[in-house]
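Because only heavy atoms are used, hydrogens play no part in the values below, and waters and symmetry mates are left out as well, while side chains stay in. Protein chains get the first letters and strands the later ones, always in sequence-line order, with residue 1 at the start of each.
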Number of protein chains: 4
Amino acid sequence: MKRLNVGVIGLGRLGKVYARDLARTIAETRVVAVADTAAGVAESIAREHDVARWFTDPLELIRDREVEAVVIVTPTDTHSSLTVAALESGKPTFCEKPPAITLPQTFAMRDAAERTRVPLHMGFMRRFDPGYAAAKKKLESGAIGNAVVFKSSSRDPYPPSVEYANPKSSGGLILDMGIHDLDLARWFMGDVESVHAIGGTLAYPQLGAVGDIDNAIVTLRFTTGRLGVVDLSRNGIYGYDIRTELLGTRGTLQIGYLRETPVNVMTEQGVTHDTVPYFMERFERAYPAQLRDFAQNVLADQPMSVTIDDGIGALTVSLAATQSRETGRPVMLRDFAAAV
Amino acid sequence: MKRLNVGVIGLGRLGKVYARDLARTIAETRVVAVADTAAGVAESIAREHDVARWFTDPLELIRDREVEAVVIVTPTDTHSSLTVAALESGKPTFCEKPPAITLPQTFAMRDAAERTRVPLHMGFMRRFDPGYAAAKKKLESGAIGNAVVFKSSSRDPYPPSVEYANPKSSGGLILDMGIHDLDLARWFMGDVESVHAIGGTLAYPQLGAVGDIDNAIVTLRFTTGRLGVVDLSRNGIYGYDIRTELLGTRGTLQIGYLRETPVNVMTEQGVTHDTVPYFMERFERAYPAQLRDFAQNVLADQPMSVTIDDGIGALTVSLAATQSRETGRPVMLRDFAAAV
Amino acid sequence: MKRLNVGVIGLGRLGKVYARDLARTIAETRVVAVADTAAGVAESIAREHDVARWFTDPLELIRDREVEAVVIVTPTDTHSSLTVAALESGKPTFCEKPPAITLPQTFAMRDAAERTRVPLHMGFMRRFDPGYAAAKKKLESGAIGNAVVFKSSSRDPYPPSVEYANPKSSGGLILDMGIHDLDLARWFMGDVESVHAIGGTLAYPQLGAVGDIDNAIVTLRFTTGRLGVVDLSRNGIYGYDIRTELLGTRGTLQIGYLRETPVNVMTEQGVTHDTVPYFMERFERAYPAQLRDFAQNVLADQPMSVTIDDGIGALTVSLAATQSRETGRPVMLRDFAAAV
Amino acid sequence: MKRLNVGVIGLGRLGKVYARDLARTIAETRVVAVADTAAGVAESIAREHDVARWFTDPLELIRDREVEAVVIVTPTDTHSSLTVAALESGKPTFCEKPPAITLPQTFAMRDAAERTRVPLHMGFMRRFDPGYAAAKKKLESGAIGNAVVFKSSSRDPYPPSVEYANPKSSGGLILDMGIHDLDLARWFMGDVESVHAIGGTLAYPQLGAVGDIDNAIVTLRFTTGRLGVVDLSRNGIYGYDIRTELLGTRGTLQIGYLRETPVNVMTEQGVTHDTVPYFMERFERAYPAQLRDFAQNVLADQPMSVTIDDGIGALTVSLAATQSRETGRPVMLRDFAAAV
């Protein structure tokens, strides 16, 4: 079987999972090199998965002859430059979401992809979750007629660290958490015409101190006149809760679940079940599925399933919603894009 | 609108509910007399519902000219004699389950019903629960093909008093609790050929002291060769839990629910909802529905929906299962009936 | 037992249910008179419940000596004048929601209540649903800490008639459907500072022809800075679906259920259960509970649980949201109230 | 990292999964050899996972110097002889369930394990399912007090082939399907004192033609006097449904789930979700977890978690229940064991 020789850049929490999935779970790939700027990390992961090459300089990995494709899981502010470098070296590239937190950086990525004609896959993994994928098929099969309202909810079980949450690096709650829901909105419903958002720092004052919020509600009008709403919260408390609903003219689809083990504990206090701890557990299957899709398409010389245009689309809505939240006024996407 | 003038005998916990339902909820009935052997009880209930006549002697109520039909909700050991008296006075009679705890008493009831040709309705209220009624319709509509296995589970949230549980008056766990499930078994599946039961006093030693058990499992073979199982427990603890499953050749029906209010409480301890407290709440709609059915059939001169033969059938299976539990051996219903 | 002698005005679908509940289910009330402008309707209902007096002129009922309290279930545009007349005749009054579709009409009601000091109860029945009532208690017990986000969703199984939907009489989707959710929002969270709404006619073009919409999303900012969102749809299709969620600093409460009978049908097509058909079934217990609460408070000379101020509050938010939907701009409640 | 070099014997449906898990998913293992008596199968699997050695003779694999541990996933009638051979060659052995379909074969396995003192792990994978493992922990933590009743249900979505079902090779329904539930019964509750079983061929006459049944109900009395019941069915139809319930003196544990994707389809026909297709999907995590546990214990020189005594215990109950089903009489385990 022909396998794709992949290099993985960025070996943080998620990068480690990607390296393991690419080395083990995914039959179509082999990991031939890993890179991380932190000393010792790359070597340790390389040894764990019998990988021959490791680097602290990501550009060395990109240049490495054995590396046929590059997977980028680094901090967001490096996505653009590394992606451009990987594309310019002619290597199909997978870039973790979000593409960046400013539009100009994503335009540079799009330009590089267009100029080099090298494939670039954007890592919006929810599209590869069995639930969302099944819902997409149901929708396309006509099961609920025409979807007219999109609802999505994301809740974290606890707040991020103050360092992480700083909007200068994270882009703020709506971008950081909401870009997944806003990507789903576009995937299921098409382009967005206008957004309005409200939000506040209601549960964790420390987030307010660095300029972030912990709850937001974003309403969307699509160019077709259809409607959407996304609510985001850092105070899920009870667990990691991701739910989406598509309300159609002939029925409704609900996607989401909220238990980890199939166990009910039934006592005088009532019936209790556990919840999904966090995103790694909830999207355990989606992560390798997207990487596998990337590899299969590269090997088969097929177009990418998720592109930088998807990244730009979701980022634009996220930024416009963030602006609306700050100004209190609805934002027309057309005006917003023109002002960039 | 023509209404049926009813007399209610027995004003304990359930009798009070029946009196209220017959006086208020059910449009087809009026309560014209009530009786209870405890001094003052009948008068108090009569005043509450503007009923003109009250008695401490049930036979006086039965003889009362205004009473057109009799509803008997007295202790089980009086069911037979009161039912016979009511039938012999020519008054259509509703008798609460179980008909009795010995077969000869039920034979007397059947004989009276046959001799007088006066209608006699057995109070197996589960048949009138919206869930069980809907399941029966689904089954008859062919939704699951041919039902081949019957499963039913009944659990009480706490044990009965030692006085109540005494098998000499209650008939023991299998009869007292299980007769409902065994009636459903016969209603859904037909006649029983043989039974086997195991049981024990596992949670409440005080029940063992009076000769009762607190858990039992009864397996059934129907005359058609089909199978059934009923499990009974006094240690539901978490609530009142009644569930039935019909496993068919083309699908399965599940009947049962386990929450009182539609509220989920979601905290770091998980997701919790409440349970159904007890039988009054679970079968809140079934109780008046059966009385209404009785009244409607009497008024329309239609045959009773549930008859003394149903009572005898369920009682026979209950007694045979009790014997099997005591002897450790399966019991053929045919042999059991012959020995009575 | 002292009972309240009630007169019921308006015997449409809901009025018939109220008359039956007041005559039968609720122990604290008696129906002594009914009125409906349609010939024959009042007489027929009076006969059904043994009520001695019936009228086609509601004012005659209000003046009737036997009538101690008035229940108004007429078309919305008559609520204000009938309520004022009833209050001025000194009779405690229950008025079905919405109080009116314009604020001046509600001000007249408030003025009459203040002037006469006669009790006036606003019929927001959801507050009396066992689920919402339990959630309120849980919230007040501190089960989820401080509630910071309110989410509510209402869906009808099919669209109203074009005649009914005409915003000139119904007030439009946001007022007609949403006033319940907006009342809950105020009940659980307090006063609203600003609203924003989007909407459209996406499923039923005939509603657009008379100027109504069939889907809307309303976001709320409370005066405390907390957030809310309500989504409304006429194309529930699958059933009547009412859900509310309170997201707190220490947990979340969900209220809502979506099945009528406790039956699962499990076949090769999957596991299927039914849904709640419509509001009568969903709020079967809430309707009599609110009437009972009204009667108990009148009899005990207690203040009303739900007042015309609640009606004015919910109506104001509904109208402001409707304006926002039309103009595309957020509306500050203070500015909106000032402009009336 | 030290890895265990494993040889896999038997590359049918399940053997292929084991080979893949051992080669890829489980970090602690490497597959160094595979064997299957069918020509070409071993070579093909070897190439897929870069395995250097392949055999048609399992004994060659057992003798292979590179092979440090042996995993046996062959047809049941070969388990005993292959296990004995592997143990005698001094190699820790994992044997798929059931150990055999006759007790003498399992005694030979036990004797070999005792004689050689080489570790032997019995493949009862349900113990490694996250749900069952969590339930075991909950039970041991005292969450439900003392478990007094064990209930378990297993349903296949469709019948096995007539060849497979033949009791001469499969041992019949109770052994083939039920041994999992009966192992859980012993794991959660301890030793069994007596069993009683009923069964029949009710849905698939072709199974009756080869002497098998398609539905059975087994009741258990444990040596402690506690109770159990297992129901088995080949006509799950709607999906693969595995459920267990532990009824305790202070609460109840339920284990089981019945959906594959977290998607609800809500239309005028009601609310529908899918089901778990079959055992591979339901126990997707349990299969590698047990192999990993085996490898970890071998590497750490720890005792096996599941032993041949567990295999003998579950098989004995299965055979006794099968005899009870055939004779119609309860079977005492002591008498049964004595007769072997």
Legend entry - Smallest separation among heavy atoms of V263(B) and A135(C), with atom names: CG2-N, 4.3 Å
So for [X], is it side chain, backbone, both, or neither that comes closer than 4.5 Å to the heavy atoms of chain C?
X	value
D274(B)	neither
I26(B)	backbone
E48(B)	backbone

Legend entry - Residues R30(B) and D50(C) bridged, charged N to O under 4.0 Å: no
Legend entry - Among T261(C), V271(C), D129(C), T244(C), residue most engaged with chain B (heavy-atom pairs, under 4.5 Å): T261(C)
Legend entry - CZ-CD distance between R250(B) and E268(C), expressed to the nearest 0.5 angstrom: 9.5 Å
Inset, instruction - Quick one: pull up CD in E245(B) and CE in M266(C) and give me the separation to the nearest 0.5 Å. - result: 6.0 Å
Inset, instruction - Answer yes or no: is there a side-chain heavy-atom contact under 4.5 Å between V265(B) and K138(C)? - result: yes
Legend entry - P262(B) vs R282(C) side-chain heavy atoms within contact, under 4.5 Å: yes
Inset, instruction - Examine distances only and state if a side-chain atom of R24(C) and a backbone atom of T25(B) form a donor-acceptor pair shorter than 3.5 Å. - result: no
Inset, instruction - Return the set of residues passing ring pair (Phe, Tyr, Trp, His ring centres under 6.0 Å) with Y18(C) (not counting sequence neighbours), or none when no residue passes. - result: F94(C), Y287(C)
Legend entry - Step-by-step side-chain contact (heavy atoms from CB on, under 4.5 Å) determination, N264(C) to L253(B): CA-CA 6 Å; N264(C) 283 339; L253(B) 290 172; over 6 Å; no
Inset, instruction - May I ask you to check whether over 12 heavy atoms, not counting those of R292(B), lie within 6.0 Å of atom CZ? - result: no
